[in-house]
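Before any comments, here is the structure.
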Number of protein chains: 2
Amino acid sequence: MRSFVAVVDAGRFQDAADDLSITQQAVSKRIATLERTLGVRLFTRTARGARLTVDGQAFLPHARDLLRAEERAIASVRPGHRALRVDVIGRRLAPASVLGGFHRARPEVELDVVTLFDADAAVEALTSGSIDASFRAVDRSRLSADIGAVRVFDEPVQLLTGPGHPLADAPSVTPADLAGHRIWMPGIVAGTEWAAYYDALAAAFGLGIEVTGPDFGTDPLLDTLAGSPSLATFVGELTRLVWPADQGLRRISVQDPTPVYPHSLIWRRDNPHAALGDLRDHLGTVRPRAGTWTPDWASAAA
Amino acid sequence: MRSFVAVVDAGRFQDAADDLSITQQAVSKRIATLERTLGVRLFTRTARGARLTVDGQAFLPHARDLLRAEERAIASVRPGHRALRVDVIGRRLAPASVLGGFHRARPEVELDVVTLFDADAAVEALTSGSIDASFRAVDRSRLSADIGAVRVFDEPVQLLTGPGHPLADAPSVTPADLAGHRIWMPGIVAGTEWAAYYDALAAAFGLGIEVTGPDFGTDPLLDTLAGSPSLATFVGELTRLVWPADQGLRRISVQDPTPVYPHSLIWRRDNPHAALGDLRDHLGTVRPRAGTWTPDWASAAA
DNA sequence: TAGCGGCCACAACGTCCGGTTGTGCGGCGG
DNA sequence: CCGCCGCACAACCGGACGTTGTGGCCGCTA
């Protein structure tokens, strides 16, 4: 493939071979192999050089694309790569939507989106330089001074139930209403800020929240909810935008107070990446609103 | 690379190996080689499977891009490919601009742009199915019935001279004014419709047009013109849009009549490609205007 | 038209890459 | 604590790819 482009640029097999630091025969063989696998002739061989056939001309831009894609792939893991590498907590949550908006607003900023295990891993990755920014809920008092944090988005937590659930037809509920109900949160991994969040929520309002269990996929989880009248689960409001059509599932807002998941953007202050400032500017800052609830440790990350 | 994506999708080296129909050890070795060449670790090996590292997550979308690019490259030369393959006569001329406009208007239509030797080669390529359409000046009376032709663009021919040329300061000239002047057309290959066009132009107005000579690049040609007070050449009007800033060169319109190069779109009538109709609709049809001149054989291709 | 030179294809050979079989090691679960 | 599962390491083997050597075709030139 690289030989093909080299021959096109050089115009002759011989010169292409020199450029590639191999012999002309090797180039001939490579092109012959490529032509055999593609099933078409790419060059017409003349007495003084090679000219592209029609198929070769059509193939050329795609071949260049392929080489560029390889370049980008290699560059994406090179230290000092210029793409902004951002950690988001869950691709189906608010930060992913926010990042999508940033990408549409600033398409020239290259983004690499990754998902780390938890906030501690994110801070460690920031410190080591393997990521540039992270959307997480963090305890600001535990951050070292060289880590910046801005609370950028509060995502309301809603109750999701099947149609047979006792609360299915309630227009809204208060956290206190949920005492005695079984709140099922499969796939929440102990030790993450998610688990800490729901632990704090359970403790604050005397709820019984099951934060253990295997990780379900989205569809099995929704199917199970739809068929189990005793099950309810918490979901972020933004899942509404990306989940498939709810098969009879009910979204019930929680009020007085509304638990919100406090997404913060965190970054290393001495990171020189120019797009980092653009991202912060694009996000703005959230002032905690009245009537909402977050854990104490999260509220500190104003 | 393909192994990397397979491991990501399968979650385990073993299953990925099964998908690829090779052994687990081979996959291990491939991944190890890839990690060595990239200089980063892509997976964390656990007791039950492999999970992506941060670098692996960042690398993944680029790896998928690479595989998609390969797919497209192979598809571009496959018989029955869905991209519209169009032959244009010179990338710097009107058809290229027209095609660019079509691409902006209908970005979902994939285009492969190629350039063939002359109109005869284009007709042959159309017949054999290796291209879908062609922008050329053709003698319609010589076309077989299964080839469609629509005259879609008339590109006025202008005179290009250096500042020292006797006609440099003329606001416009007539073809008759050019008798006795040396018209220099290097790079026009005998046997093409370009050569036929200028031969007819010379015969019609008694001009001396040198349609031979080696092919110059654009920059050397413009440099030579700028420094030679006895040289003039014909260029299409659309070159204005793409050529570098003329270093003192004069563009002189030709009038009474204005020679125009009659670009036609030609295609094979039984070509089922849906985008072909879209392209024709986008182009419209040119009605020959009064005060212009084309060779008889070209005018026939209304 | 005959000679020559440039350029690519074909053939034979060697090396290295990449695949396979066989085995070892570490972590998780019973 | 033992067994199993999943990946890594080692040795071996075949084929692919690069090399040297050579042949043939075309275009240029005398």
Side-chain angles (χ1 to χ4, degrees), chain A residues 1-53 55-56 59 63 66-67 70 74 117 187 189-191 212-215, chain B residues 1-53 55-56 59-60 63 66-67 70 117 187 189-191 212-215:
Chain A
M1 185 68 71
R2 196 175 302 282
S3 301
F4 169 72
V5 175
V7 171
V8 173
D9 292 339
R12 282 195 298 268
F13 281 45
Q14 193 68 259
D15 295 355
D18 294 344
D19 294 344
L20 298 169
S21 301
I22 56 177
T23 60
Q24 166 264 316
Q25 290 88 337
V27 175
S28 281
K29 208 187 274 188
R30 280 192 187 179
I31 300 296
T33 304
L34 183 61
E35 288 177 331
R36 187 150 21 85
T37 56
L38 291 176
V40 297
R41 205 143 180 78
L42 296 173
F43 292 102
T44 59
R45 280 74 163 174
T46 74
R48 57 169 170 285
R51 253 204 339 270
L52 282 171
T53 63
D55 286 320
F59 186 67
L66 187 62
L67 296 182
E70 185 197 13
I74 293 173
F117 178 69
V189 182
T212 57
D215 193 5
Chain B
M1 185 68 72
R2 195 175 300 282
S3 302
F4 170 73
V5 175
V7 171
V8 173
D9 291 339
R12 281 196 297 267
F13 280 45
Q14 193 67 257
D15 295 354
D18 295 343
D19 294 344
L20 297 168
S21 302
I22 57 176
T23 60
Q24 166 263 316
Q25 290 87 336
V27 176
S28 280
K29 208 187 272 189
R30 279 191 188 180
I31 300 297
T33 303
L34 184 60
E35 288 177 331
R36 189 149 21 85
T37 56
L38 292 175
V40 297
R41 204 140 180 81
L42 296 173
F43 292 102
T44 58
R45 280 75 163 175
T46 74
R48 57 170 170 282
R51 255 206 335 271
L52 282 171
T53 62
D55 286 320
F59 186 68
L60 176 58
L66 186 62
L67 295 182
E70 187 198 11
F117 178 69
V189 182
T212 58
D215 192 4

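Letters A, B, ... are given to chains in the order of the sequence lines, protein chains preceding strands, and every chain is numbered from 1.
Aromatic ring orientation, Phe4(B) versus Phe43(B): tilted (interplanar angle from 30° to 60°).
The shortest non-hydrogen separation linking Arg41(A) to Asp55(A) is O-CB, 4.0 Å. Across every non-hydrogen atom of Ile31(A) and Ser3(A), the tightest pair is CD1-C, 4.1 Å. Nearest heavy atoms, Glu70(B) versus Leu66(A): N-CD1, 3.5 Å. Annotation for Ile22(B) and Ala26(B): closest pair CD1-CB, 4.0 Å, computed over non-hydrogen atoms. For Ala10(A) against Ala16(A), the heavy-atom pair with the smallest separation is CB-N, 3.6 Å. Nearest heavy atom pair, residue Leu20(B) against residue Arg2(B), reads CD2-CG, 4.5 Å.
Atom CZ in Phe43(B) sits roughly 10 Å away from atom P in dA8(D) (whole-Å rounding). The CZ-P distance, from Arg41(B) to dC7(D), rounds to 13 Å in whole Å. When the C1' atom of dC9(D) is taken as reference, atom CZ of Arg45(B) falls 13 Å away, rounded to whole Å.
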Between Arg30(A) and Phe13(A), is a side-chain contact (heavy atoms from CB on, under 4.5 Å) present by the stated rule, with each step listed? CA-CA 11 Å; Arg30(A) 280 192 187 179; Phe13(A) 281 45; over 6 Å; no
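Val27(A) places none of its side-chain heavy atoms less than 4.5 Å from the side chain of Gln24(A). Annotation: side chain of Thr53(A) is not in contact with side chain of Val40(A) (no heavy-atom distance under 4.5 Å).
Close approach of DNA chain C to chain A, defined as any atom under 4.0 Å from a non-hydrogen atom of the protein, starts and stops at dC7(C) to dA12(C).
Contacts with DNA chain C (heavy atom under 4.0 Å) in residues 28-39 of chain A: Ser28(A), Lys29(A), listed by number. Within residues 14-25 of chain A, the residues approaching DNA chain C are Gln14(A), Gln24(A), Gln25(A), by heavy-atom distance under 4.0 Å.
Here Arg12(B) reaches the OP1 or OP2 of dG6(D): one of its side-chain N or O atoms lies under 4.0 Å away.
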